[in-house]
Amino acid sequence: MQNRFPDDFTFGVATSAYQVEGGIENDWSQWERMGKLKEPDARCGRAVEHWERFESDLGLVQELGASAYRLSLEWARLEPRPGEFDAAAVAGYRQRLEAMRARGIRPIVTLHHFTNPLWLQDRCGWHTPQVLPAWRRYAKLCAELLDGLGAAVITFNEPMVFVLGGYLQGVMPPGVKDAKQAAAAIENVARAHVIAREELLLRSKALTCGISQHLMVFAPARRWNPFDQALTRIAEENFNHGLLRALTTGELSMRMPAVISLKARIDGARDSMEFLGINYYTRSHLKFVPRPPFAEFGFRDVHGRGLTDIGWEDYPEGFLQVLKDTKRYRLPVWVTENGIDDRTGQRRPGFIHRHLQALLAARAEGVDVRAYLHWSLLDNFEWLEAWGPRFGLYRVNLETMERQKTPAVDYFRQVATSRELTAP
Ligand code: FCB
């Protein structure tokens, strides 16, 4: 059994701006005020004050033995009004990214991680063509901001989660339930990825750019039910692979019968990723229901490991499966998120161990996985679930903001620095 990571394998951690920085006003903060979270009074607010505590939080990244840190830029902070950039925010991000370089931590920068400025939603949502010039202006700013830092760039985090949640299921902002708008938004996201590359390429010829795609394992809720089986195939092909196909072949084609049908050439999208970023968490069992959107999903504790605290299946076997499945793209694979909501911190070392075992097994089978970024460095604001979940390697006291090691910190550091996978 292979248990060594090569010397050039990257261990890192990930966060996103809105979930940790604090003091951001965007479409999610409005969503919170509309009472849309699981607990209607919950707010992201000061989050975990990562904006103020950035420098000492970088100390934690180093304590983990990590050589890369994935964070996101917040569009609403950088461009609070259309066409007006906030110079202090631009300088603030620049300074933070330079501080990372100074400590030898490679920045991996996400340009869009679920959130949007409020003005974008009011004027030109992701389903409208007007979003593209607005996005180009933002992407150009990001390209300037990142110039010379040697950062890798992730244009979009989990675009299918963002679009389907926001425009088809209506459970995330802007809360729309409209298949036509969802289809238009998917196409615009694919075009926006190309636009961001164009702007980045104007600054630097050596581009390392991709997306972070949520890859979920799907299974039929009723094993022998042909509808559930069909649903499983459709989810797999569209949710997991639809956009990845578009960004490798240039052809966007999705078909979710009676929901979304989409076919478009995306100029410039062919071979438009230097790496394939994947986020892996769990498996979902799908059940066909005879009304839109025709699917219900749920999580099962098939292996008796116990569901994670957020209620997801702990399923490392699926990690191996999705990793093997990425071979078809012939791209280096970076795991840009993987983690567990573990409110006591006791389960996380075992979770990491099993998932890294799966990763090494995938490597042994020829999958070119080059990075593992754990979600997350810190406890943070978990979208609709707000402050219940605890994904942080460091636990945050939400009153005092004090950071505290969970047992996984020492384990992670040991693996990252020795490059050898041993049991916790
Ligand atoms: C992913 C998101 C990330 C975080 C984790 C738990 O889907 O990209 O922001 O919420 O789930």
Side-chain angles (χ1 to χ4, degrees), residues 12-22 24 26-29 31-32 36-38 42 44 47-48 50 69-75 108-116 154-166 169 171-173 189 210-218 235 239-240 243 276-284 297 299 307-315 318-319 322 334-343 345 347-348 351-352 355 371-396 406 408:
V13 280
T15 61
S16 90
Y18 188 65
Q19 293 177 275
V20 292
E21 284 182 2
I24 295 170
N26 61 20
D27 58 347
W28 264 88
S29 32
W31 191 246
E32 292 157 26
K36 298 286 197 177
L37 305 188
K38 199 163 147 199
C44 178
V48 291
H50 184 55
Y69 175 34
R70 173 183 173 215
L71 78 181
S72 75
L73 303 178
E74 180 66 32
W75 189 354
I108 301 177
V109 180
T110 313
L111 306 187
H112 186 279
H113 196 122
F114 291 172
T115 58
N116 297 289
I154 291 166
T155 55
F156 285 90
N157 179 68
E158 302 188 350
M160 293 301 287
V161 173
F162 157 66
V163 171
L164 297 185
Q169 297 173 296
V171 296
M172 287 161 67
V189 162
I211 65 169
S212 284
Q213 177 75 347
H214 190 115
L215 291 185
M216 172 98 86
V217 175
F218 295 103
F239 179 86
N240 282 353
L243 256 180
L276 186 66
I278 70 160
N279 296 353
Y280 175 77
Y281 288 92
T282 191
R283 162 166 71 177
S284 159
F297 65 95
F299 305 101
L307 295 176
T308 68
D309 287 337
I310 203 170
W312 298 346
E313 184 179 0
D314 180 347
Y315 189 51
F319 192 29
V322 299
W334 296 11
V335 177
T336 47
E337 285 182 28
N338 171 243
I340 178 171
D341 169 19
D342 173 19
R343 300 182 195 181
R347 274 181 78 170
R348 188 169 294 105
F351 177 94
I352 293 177
H355 284 76
Y372 176 84
L373 311 182
H374 191 78
W375 182 274
S376 179
L377 171 64
L378 301 164
D379 286 340
N380 58 65
F381 174 79
E382 176 50 32
W383 309 114
L384 295 169
E385 305 268 337
W387 294 107
R390 298 280 180 167
F391 277 95
L393 285 160
Y394 289 86
R395 187 176 176 87
V396 179
T406 67

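The basis for the numbers below is simple: all heavy atoms, side chains too, and nothing from hydrogens, waters or symmetry mates. Start at 1 and go down the list; that is how both ligands and their atoms are numbered.
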Report yes or no: does a heavy atom of V161 sit under 4.0 Å from some atom of ligand 1? no
How about CZ on F299, more than 12 heavy atoms from neighbouring residues, nucleotides or ligands closer than 6.0 Å, or not? yes
Sole candidate of V109, T15, I108 that passes side chain to side chain contact (heavy atoms under 4.5 Å, CB included) when paired with Y69: T15
If you measure every N or O of W383 against every N or O of ligand 1, does any of those distances drop under 3.5 Å? yes
Compare H214, H113, E158, E382 and give the one whose heavy atom is closest to atom 6 (C) of ligand 1. E382
Would you mind finding which of Y280, F381, Y281 brings a heavy atom closest to atom 11 (O) of ligand 1?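 Among Y280, F381, Y281, the closest heavy atom to atom 11 (O) of ligand 1 comes from Y281.
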Just how far is it from atom CG of N240 to atom CD of Q213, taken to the nearest 0.5 Å?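 Reported to 0.5 Å precision, the distance equals 6.5 Å.
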Atom 3 (C) of ligand 1: the protein heavy-atom neighbour that sits closest, reported with distance to 0.1 Å: E337 OE1, 3.4 Å
Taking only heavy atoms of N157 into account, list the atoms of ligand 1 that are under 4.0 Å away from them.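 Counting from 1, the qualifying ligand atoms are 8 (O).
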Measuring only between side-chain heavy atoms, which start at C-beta, is M172 closer than 4.5 Å to W383? no
Does the distance from a Lys or Arg side-chain N to an Asp or Glu carboxylate O, for R347 and D342, drop under 4.0 Å?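 Not counted as a salt bridge, because no side-chain N and carboxylate O are separated by less than 4.0 Å.
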